[in-house]
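The residues of the chain are indexed from 1 along the displayed sequence. Computed from a predicted model, the values in this text were never measured in an experiment.
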Amino acid sequence: MEYLIPIICAVVFLAIGIVLGSFLRKKLAEGKIGSAENEAKRIIENSKKEAEEIKKEAESRKKEALIEAKEEILQNRNEAEREIKERRKEVSNTERRLSQKEDNLDKKAEALERKNELLDKKIKENEAEKEKINELFSVQLKRLEEVSGYTAEQAKAELIERVEAEIKDELAKKMIELEEQFKEESDAKARNILSLAIQRYAADHVAEATISVVALPNEEMKGRIIGREGRNIQKLETLTGVELIIDDTPEAITLSGFDPVRREIARLALEKLISDGRIHPARIEETVEKARKEVEASVKQAGERAVFDVGVHGINPELIRLLGRLRYRTSYGQNVLQHSVEVAFISGIIADELGVDSTLARRAGLLHDIGKAFPHDVEGSHVQIGVEAARKYKENKDVIHAIEAHHNDVEPQTIVAIIVQAADAISAARPGARREDLENYIKRLQKLEEIATSFDGVDKAFAIQAGREIRVMVKPEEVNDEGMKVIAHDIAVKIKNEVKYPGQIKINLIRESRAVDYAK
């Protein structure tokens, strides 16, 4: 019981506290709600006031903008009216000036009409005077014709004829004087230039021979070169186209042939064979082939050296090789490469004296005889062949023309062509430079080879023994043994009809078949 009373009291107080707490919370919530509503009303009223102020301000700005726009329109209108007034003023001034000009033009037109009237009167008066003068002139002319016995046309023609005759006489005399003076001056100038060119380029000349001599270590070597039944010497002669002359000359063999390239190949091959000591047909073939390659390398070096010495650049490598071949070519006994280099130097000296492009002149001089580098089986003169080669390798057109004109095959059209002509003549005219007999001899040998190779079935032909024998190699697959006799006879008949020669010429045909195999 004692514990029950406090518990009941505690429960009663707790219930009272809960009721009072709920009541207080409700009052507090109602108070907050009331204050929030009041705050909301205040915010709404403030917003309305601000909106009204903004609206008033916008209306005031709109009014100000309208006022400014009206003022700007008014200002533009005033400016436009002022410009219109100024334009009207200018137009009125222009109209006034035009009116004044029209008045002035009318006055001038009237003055011109008066002048035209006066001119018409004067023209009529002049025509009348002219008629009177013509009548008087006719009377005077008739009197002069009666006195002189000539009509006006006759007198005029005779006067013209006399004047022409006098002028022609004077012109002829003047032309003769000028021609003599020019000739004296040009001759003196030409002699001076040519003498200077010759003096500045002085070169020795050595006549080219058609033989080469190879020294032997002993007399026994001759027998080894000849070989058993002459097979070694025949092999050498067949492969090189050069005749080997073995006579009583001690320790020496003479190589005879008009083609210096063949002769050089034969000389190198023979020297190699003598040095090596092994001389038999197979070894001869190898050695001749090596010698041929060495000569080709020498040809290239000779061409490059000539181009370097002359001082020209940009020449096609094939033209340089052809230049090198000129080292083994002769013209009337004169080495053609040496002659070409000499012509190039002389052309350059003359061009310098005349104020012409000396490099172009040297180039044309160096290449002027390039056609002589080709073998004789190429058709055409060396001029035609040289022109075709220069065109093929895109040479300068002035150089091509100089090649074409250096023997007057065509009329020279450039100063360079004329210079090359003069330089070529200077080089050829030096004492001892050329021998005409040698050139004729070479031409005859070339003609013999050309005749032999013109027949079908002929592979190669070599003129040997100074043209007294032709060795002709035929193709064994095309010509049989019976056909060889026919070809030999035909060649003999053609040579007899087309070539002049002393004594007789032996036609020697060779037909050779080979079979090659290898043991492996």
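Residues satisfying the salt bridge (charged side-chain N to carboxylate O under 4.0 Å, His left out) test with E498, not counting sequence neighbours, are K447. Every residue was checked against the salt bridge (charged side-chain N to carboxylate O under 4.0 Å, His left out) condition with R325, not counting sequence neighbours, and none meets it.
Between I495 and I470 the shortest side-chain heavy-atom distance falls below 4.5 Å. The shortest distance between side-chain heavy atoms of V472 and F455 does not fall below 4.5 Å. In this structure, K235 and H280 have side chains that are not in contact, with every pair of non-hydrogen atoms separated by 4.5 Å or more. E395 is listed as a side-chain neighbour of L367, based on a closest heavy-atom distance under 4.5 Å.
Although no hydrogens or angles enter the test, the distance criterion places a donor-acceptor pair under 3.5 Å between the side chain of E237 and the main chain of L244. Listed for the N497 side chain is a donor-acceptor partner under 3.5 Å among the backbone atoms of V493. The closest donor-acceptor contact from the side chain of S347 to the backbone of V343 lies under 3.5 Å. Looking at S275, its side chain never comes within 3.5 Å of a backbone N or O of E271 through a donor-acceptor pair. Looking only at distances, a side-chain donor or acceptor of E449 sits under 3.5 Å from a matching main-chain atom of A463. Between the R362 side chain and the V310 main chain, a donor and an acceptor come within less than 3.5 Å of each other.
Among pairs with a residue in residues 301-318, those fulfilling side chain to side chain donor-acceptor pair (under 3.5 Å) read R305-D309, E318-R321, at least two apart in sequence or across chains. For the ring-ring contact (aromatic ring centres under 6.0 Å, His included) condition, the pairs that include at least one residue of residues 402-425, sequence neighbours left out, are H368-H406, H382-H406, H382-H407.
The pair E264-R262 does not meet the salt-bridge criterion, since no charged nitrogen lies less than 4.0 angstrom from a carboxylate oxygen. For the pair E127 and K130, the salt-bridge criterion is not met [side-chain N within less than 4.0 Å of a carboxylate O]. Between E285 and K290 no salt bridge is recorded (no basic side-chain N to carboxylate O distance below 4.0 Å).
Heavy atoms from other residues, nucleotides or ligands lying under 6.0 Å from NZ of K475 number more than 12. Atom CG of D276 sits in a crowded spot, with more than 12 heavy atoms from other residues, nucleotides or ligands closer than 6.0 Å. Remark: K494 NZ is packed, more than 12 non-hydrogen atoms of other residues, nucleotides or ligands lying under 6.0 Å away.
Defined by atom type and a distance below 3.5 Å, a donor-acceptor pair is missing between the side-chain atoms of S340 and D369. Between the side chains of R292 and T240, not a single donor N or O lies within less than 3.5 Å of an accepting N or O.
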Do any side-chain atoms of residues 226-233 form donor-acceptor pairs under 3.5 angstrom with protein atoms, and if so which ones, sequence neighbours left out?
{"unit_1": "N232", "atom_1": "ND2", "unit_2": "R224", "atom_2": "O", "d": "2.9"}
{"unit_1": "N232", "atom_1": "ND2", "unit_2": "I279", "atom_2": "O", "d": "3.4"}

Ignoring hydrogens and angles, write down the donor-acceptor pairs under 3.5 Å from the side chains of residues 476-488, residues two or more places apart or on other chains.
{"unit_1": "N480", "atom_1": "OD1", "unit_2": "E482", "atom_2": "N", "d": "3.3"}
{"unit_1": "N480", "atom_1": "OD1", "unit_2": "G483", "atom_2": "N", "d": "2.6"}
{"unit_1": "D481", "atom_1": "OD1", "unit_2": "R511", "atom_2": "NH1", "d": "3.3"}

